[in-house]
Amino acid sequence: MTTTTTPAQVIETTASHGSLAERVKGLQSVWILGVLVVIVAVFGVLSPTTFLTAGNMTNIMQNVSIWAVLAVGMTFVIITSGIDLSVGSVLVVSSVVAAKTMEALGGQGWGTALIGLVLSVVVGLAWGILNGFLVARAKVPPLIVTLGTLSVALGIAQIITGGLDIRSAPDVLVDTIGYGRLAGIPAISLIALAVVVIGGIVLHKTRFGRYTYAIGSNEISARRVGISVDRKLVQIYALSGLLAGFAGILSLAQFGTTTIAGQSLTNLNVIAAVVIGGTSIFGGQGSMFGSMVGLFIPAVLQSGFVIIGVSPYWQTVAVGAILIAAVYVDQHRRAAASRGKGVST
Amino acid sequence: MTTTTTPAQVIETTASHGSLAERVKGLQSVWILGVLVVIVAVFGVLSPTTFLTAGNMTNIMQNVSIWAVLAVGMTFVIITSGIDLSVGSVLVVSSVVAAKTMEALGGQGWGTALIGLVLSVVVGLAWGILNGFLVARAKVPPLIVTLGTLSVALGIAQIITGGLDIRSAPDVLVDTIGYGRLAGIPAISLIALAVVVIGGIVLHKTRFGRYTYAIGSNEISARRVGISVDRKLVQIYALSGLLAGFAGILSLAQFGTTTIAGQSLTNLNVIAAVVIGGTSIFGGQGSMFGSMVGLFIPAVLQSGFVIIGVSPYWQTVAVGAILIAAVYVDQHRRAAASRGKGVST
Amino acid sequence: AEDTTAAAGGSDNKNIAFVQGVAGDEFYITMECGIKEKAAELGYTVTTQGPQKFDPTLQKPIVDSVTASKPAAMLIAPTDVEAMQAPLEQAAAAGIKVVLVDTTVNDPSFAVSQISSDNVGGGAAAFDAIKAAKPAGGKVLVISTDPGISTVDARVKGFEDAVKADSAYTYLGVQYSHNDPATAANLVSAALQKDPDIVGIFATNLFSAEGSATGVRQAGGKDITIVGFDAGPNQIKALEDGTVQALVAQQPATIGSDGVEQADASLTGGTVTPTIQTGFTIITKDNLSGEGGDAAYKSSC
Amino acid sequence: MSALLEARGLSRRFGRVQALDHADFDVDAGEVVALIGDNGAGKSTLVKALTGNLDIDEGEVLFEGQRVQFTSPHEASAVGIEVVHQDLALAPHLDSAQNMFLGRELMRPGILGKLGFMDNTTMRSQAAQAFTELGSAVRSVVVPVGAMSGGQKQSVAIARSVSWANKVLFLDEPTAALGVVQTHNVLEMIKKVRDRGLAVVLISHSMPHVMEVADRVQVLRLGRRVATYRAADTSVEELVGAMTGALDKKEGAA
Amino acid sequence: MSALLEARGLSRRFGRVQALDHADFDVDAGEVVALIGDNGAGKSTLVKALTGNLDIDEGEVLFEGQRVQFTSPHEASAVGIEVVHQDLALAPHLDSAQNMFLGRELMRPGILGKLGFMDNTTMRSQAAQAFTELGSAVRSVVVPVGAMSGGQKQSVAIARSVSWANKVLFLDEPTAALGVVQTHNVLEMIKKVRDRGLAVVLISHSMPHVMEVADRVQVLRLGRRVATYRAADTSVEELVGAMTGALDKKEGAA
Ligand SMILES: Nc1ncnc2c1ncn2[C@@H]1O[C@H](COP(=O)(O)OP(=O)(O)OP(=O)(O)O)[C@@H](O)[C@H]1O
Ligand SMILES: Nc1ncnc2c1ncn2[C@@H]1O[C@H](COP(=O)(O)OP(=O)(O)OP(=O)(O)O)[C@@H](O)[C@H]1O
Ligand SMILES: [Mg+2]
Ligand SMILES: [Mg+2]
């Protein structure tokens, strides 16, 4: 055949032509952010003097801080098409170990607090590694692994404490981290923000993040190109565990007690936030920013409803309904914005 | 080219050659059943006079009956690669509507009970259709849809009752269905068994079941061959809702009261059972028999641990650990039995 | 300590917020009834809020939002003595009169008053009820919800201490039902399999009692005394039906109305009683028509 | 005479890519039309747009002279249009007989059938027969399709569509994964189907195959039909020129 | 002289299917070996077995004269063996540049690179260059691969493997979805790679392509190597005969 060679062509190497408006619209998380803004605006109008106050906003921020830390790890895990149901229990067991040790050490100062912090993080990390190992090497489905470790971790926390919460966080922890403020912003929120920003950078800018997406997008392909998928999975679950451990010490600082019987809805709340934020539980897509918006929607709804005085039962109804509506709007706006998906994709 | 036509060949049209042993080994659910048998055997040896009694076995059977009914619907849903978190709440709201009506009607006889049954099932069905509609038509992820309807259904149940459980199941319901026995077997278990058997036949033998697998295996392919996937999905979630409604009346019969705050772990327990039974949350595979075995494993563990006198905290630890181990053994035995999966499948 | 601002002391703010330990619980609903009745009498409006579980991590955000909504007074059942300390201090600092009802916190000095039930005593009373029904002694079991819930833990402790002080009884320990009646039923039937001679079960809350009754019935309706906690309409009905044999009743409605009185006193400059302790009553079928019946919680507001 | 299936000015854009740009297309009963074009020319997109698999932005589709708008593959199938898609999209967990009859299950006779029970035995033996007729390399109808070789999968998809088509059969690169013998058989099958009076649309990058079976050839470039030839009157060189656009510059280049 | 990569008596069974049945295979540096066979003959299975993608039941693999046992694709890649699999298996959510560099990301210079930051700009422009050199139809390196046409996807997979192979390059039906021009370019590329001293293994059902580039042809039938030919000394008819088994019955049939 006498075909000619390469037809000269220019290959597009950057996604960033088009107007700024177009680029912004292209961002996945913009629509859900829009939903959040609308919700805030509605409550603002309904109750301007109480809802839209700096005090209320900082309270909301403070109250999502611990979940935000967990959501960072959860976002990584869900992008790999996994799930981590154990975060709440790992948080509890980490804080129990830390509290027990700090109690034994006595001291209310930074020295004791630091030891507690390190211990909490190490315990969380250990659980995460266990989860990762069972998922990656033993090939047990993540749902079962983390449901199992949820139970085991909680049981261990109960054994250590005899079922009674330990209420002895060093004062310095509670005063500076739990309730301290910097320029009016709660310290705990600043810490969470730092974790989120670092998590976002790692997810979106580094090789580690790229591999996270690759594993969720097509695990076989990731293996074939030589990514040691098992090791990465262990690392990702370890990260989630580590952050749960870190959240454990934050929780201790915030509440001054281990919350053994609490945290039972933490895993579902965090998973819901991540999914509301546009991360698919089938993996391969999602963003840190989306998860954060997804965290704020239920929190803002709850705060708003309490302030305007909706009764708890109606709140339950309204939060559920608005959740579905928010994700519906997000999905449809997004689809309309790109129109990039045929039936076959 | 002068190639010859069709090389004569015989195409295998039945999977059932090979010895009986081979065929049995090929069954997915055999391994997990083996795990269950081992667990029962261990408790039987540890505590032969109490654990392995007919009384204990019927108790266990009776206590899983309601979950078994829910697990039938959940198996269908998960095989389509969906999830239904709302079953517990739908059970509650159905039983509340039924109980409220039966209370209003007065009567302790079959007439009232029948009206309650029909109402409960209808309410469950309505919720299921709503779930299905939101999943199939509005394209909101099942996790969000059912998390949302979980919340809405629970809120409505609380609003209807003002948060106070209704304690007025007709006596006939409690006496015959809740605690009646037929040939020594609890009536409620026989009812559940009937539901499970019918569910299993529908799933494995009928076109409806085939489409369930097809949708979970490859939704695009199902659409392309002309299956009205949306309608099927609505039907499948409707089935799950209907069964939750039915479970609502069973629960009323069993406990004599609506259990508004008492079903918060039901969804996770049922989902875990289905996954333990070998159904993949990514869809396309699973079996009714597996789900049932998956239901019995935690129930038997719990009963066994209480009987051999393990302390509750250690129970929590042990149940979690054995759960993971059971699924691990199942996975690995299954893989070893078929060796049919290369890295690339 | 605060200047009299509109939010804090002004007589135009007639809003009282009630934060329950958990939403949809008969005990708190009855308390709400007491609060509403007294509030109507004194001219206050009440909004009620509560977390989905008895869980400080869920209650704190609600308290924060209630604080932001600036009611004149807040009646609250704190879910943890330590965890709720700081958020409630914040509320008090914002000029809201805080009244602790049912439960308390480590340092309640910010609160205008605390009105609490004696859960430890309640647990001991539950044992007394079993003792009354089964004087010969025997094995007793506790079915509770989850470890770590302070009020319930106190009941269990009171019960345990009382059993251990009486050599005629053997304490079989506590099993946790996670507030799920099916699990409670499974636990009880297994426990009966192990120890068929159990004479009494203390079920620390409603679902534990429901599930225990189911479990006992499954095991063939043995003669076992089930003692429940609280005396809402459902528990009373269960008592009438013979599902449970005795109930330990607290006084939620009284706690509620006392709470409103205290809040009102501090808002209007009346005399405030800093601590009020309320008692409990054992209700059995026998005293239902008399003392026991009076102790039963109100069925509706 | 109006064509059996005709597209007029179809357009479809994905983000910044104009996959179809006022594309025309037509096929008649009893003829094989080859649809050719470079990678990314829009062939598969056109097939999807014609068969209810994809919404279009602009343009119209006529079937038997009537304007139609298939909103789902189901509707196209209902009027007798079948497609072998390039990405096959079989259900990997189902076996080849199940895939072959998916959406068209044979039911048990009588009441059982009404209740939804399927006649698996008959489906299996009919599937085996179809694979044999096609001379495919499928060796078992009870192995999950996900475990099959590339060529075996393609055979299943082809057997399926051929069985059900009764008006138009679209084949998007059906022989890409097939062996020499199987390819030969599929080309023979295409002729047989055409002779039964169906319209067949064949997408292929193999010019020898196109020349072997096509009656007409339509060339797509950058989402637009740029040429139509009678197969008998054209040459491989001319077709390649039309596909790459070389023809535009120097008419009749080779 | 020992071959660069050699397989001796490889066997692998899937359930009841004996996909490989004591298969032998060998390829030398600087030559193109075509591996041909009917659908389901075991070609793809053999490639997977040779490259750490599949466990084998029996047999041994020698690389540069040493016995090797690759337990993961990673290990094969580490010694310079790259594969274009028949099912491609790209990550659909990532774009073509990301897929091309997956597992081999270019890092930013200095401390940022150490911290894991990637140099996306360079990767994109290098990817664009690779696609241009291949004359592929890929038009953008920032569109998710999942949205690309069949041929575009295949181009990405080929560009990727060609870039990284430095000892052996396996191509499992690389041109199945490619257009005429792209196919031509890939065949040219294969020759160039061979001339650089690499061993190239080409699996294809297109005998003309096989004849065009192969130095040797090895024929697989029912999981076993049944013949090896020098391309120069054989004919399409002989190859087809060997594949289908017609040769067994009547030697030299056509
Ligand atoms: N779902 C989609 N989203 C975004 N772009 C798409 C989508 N489907 C197709 N495209 C783009 O539309 C163009 C046409 O694709 P199409 O698959 O129709 O090409 P084709 O002619 O079939 O090519 P090939 O010969 O490679 O199969 C390509 O540039 C492709 O990237
Ligand atoms: N993972 C698997 N599980 C079960 N059977 C398999 C698996 N992979 C391949 N097989 C079977 O092994 C045989 C060889 O398959 P293979 O993919 O190697 O064939 P091939 O020569 O590449 O065919 P093609 O030309 O169609 O690509 C086939 O019969 C196939 O069904
Ligand atoms: Mg195409
Ligand atoms: Mg192959």
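Below, chain A is the first sequence line, B the second, and so on; all start at residue 1.
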Closest non-hydrogen atom pair between C/Ala86 and A/Tyr179, with its separation: CB-CZ, 3.2 Å
Proximal component of C/Pro51, with respect to chain A [non-hydrogen, under 4.5 Å]: neither
Sidechain-backbone polar pair: A/Asn59 side chain, C/Ala68 backbone, donor-acceptor under 3.5 Å: no
Atom group of C/Gln90 that falls short of 4.5 Å from chain A, counting heavy atoms: side chain
C/Phe54 vs A/Ser264 side-chain heavy atoms within contact, under 4.5 Å: no
CH2/A/Trp110: more than 12 non-hydrogen atoms of other groups inside 6.0 Å: yes
Max heavy-atom pair count under 4.5 Å with chain A, selected residue of C/Asn15, C/Thr57, C/Asp146: C/Thr57
Set of residues satisfying salt bridge (charged side-chain N to carboxylate O under 4.0 Å, His left out) with respect to C/Lys38, sequence neighbours excluded: C/Glu41, C/Glu261
When A/Leu164, A/Leu265, A/Ile260, A/Thr49 are compared by non-hydrogen pairs under 4.5 Å with chain C, the top option: A/Leu265
Exercise: identify the closest heavy-atom pair between A/Thr50 and C/Ser69: CG2-CA, 4.0 Å
C/Gln52 atom CD, neighbour heavy-atom count above 12 within 6.0 Å: no
Considering all heavy atoms, the nearest A/Ala261-C/Pro147 contact: CB-O, 3.1 Å
Side chain C/Gln49, main chain A/Val310, donor-acceptor under 3.5 Å: yes
Within-4.5 Å side-chain heavy-atom neighbours: C/Lys60 and A/Phe255: yes
Engaged part of C/Gln59 at the chain A interface, taking heavy atoms whose separation is under 4.5 Å: neither
Residue A/Thr257 versus chain C: region with a heavy atom under 4.5 Å: both
Point-to-point distance, once rounded to the nearest 0.5 Å, from CD of C/Glu82 to OG1 of A/Thr259: 12.5 Å
Chain C interface, residue from A/Gln302, A/Gln315, A/Gln263 that has the most non-hydrogen pairs under 4.5 Å: A/Gln263
C/Asp153 versus chain A, the contacting section by heavy-atom distance below 4.5 Å: side chain
Side-chain heavy-atom pair C/Asp64, A/Asn63 within 4.5 angstrom cut-off: yes
Residue A/Phe51 versus chain C: region with a heavy atom under 4.5 Å: neither
Interatomic spacing from OG1 in A/Thr258 to CG in C/Asp80 - rounded to 0.5 Å: 8.0 Å
Spatial distance of atom OG (C/Ser65) from atom CZ (A/Phe305) [nearest 0.5 Å]: 12.0 Å
Taking every non-hydrogen atom, the tightest pair across A/Val306 and C/Ile62: CG1-O, 4.0 Å
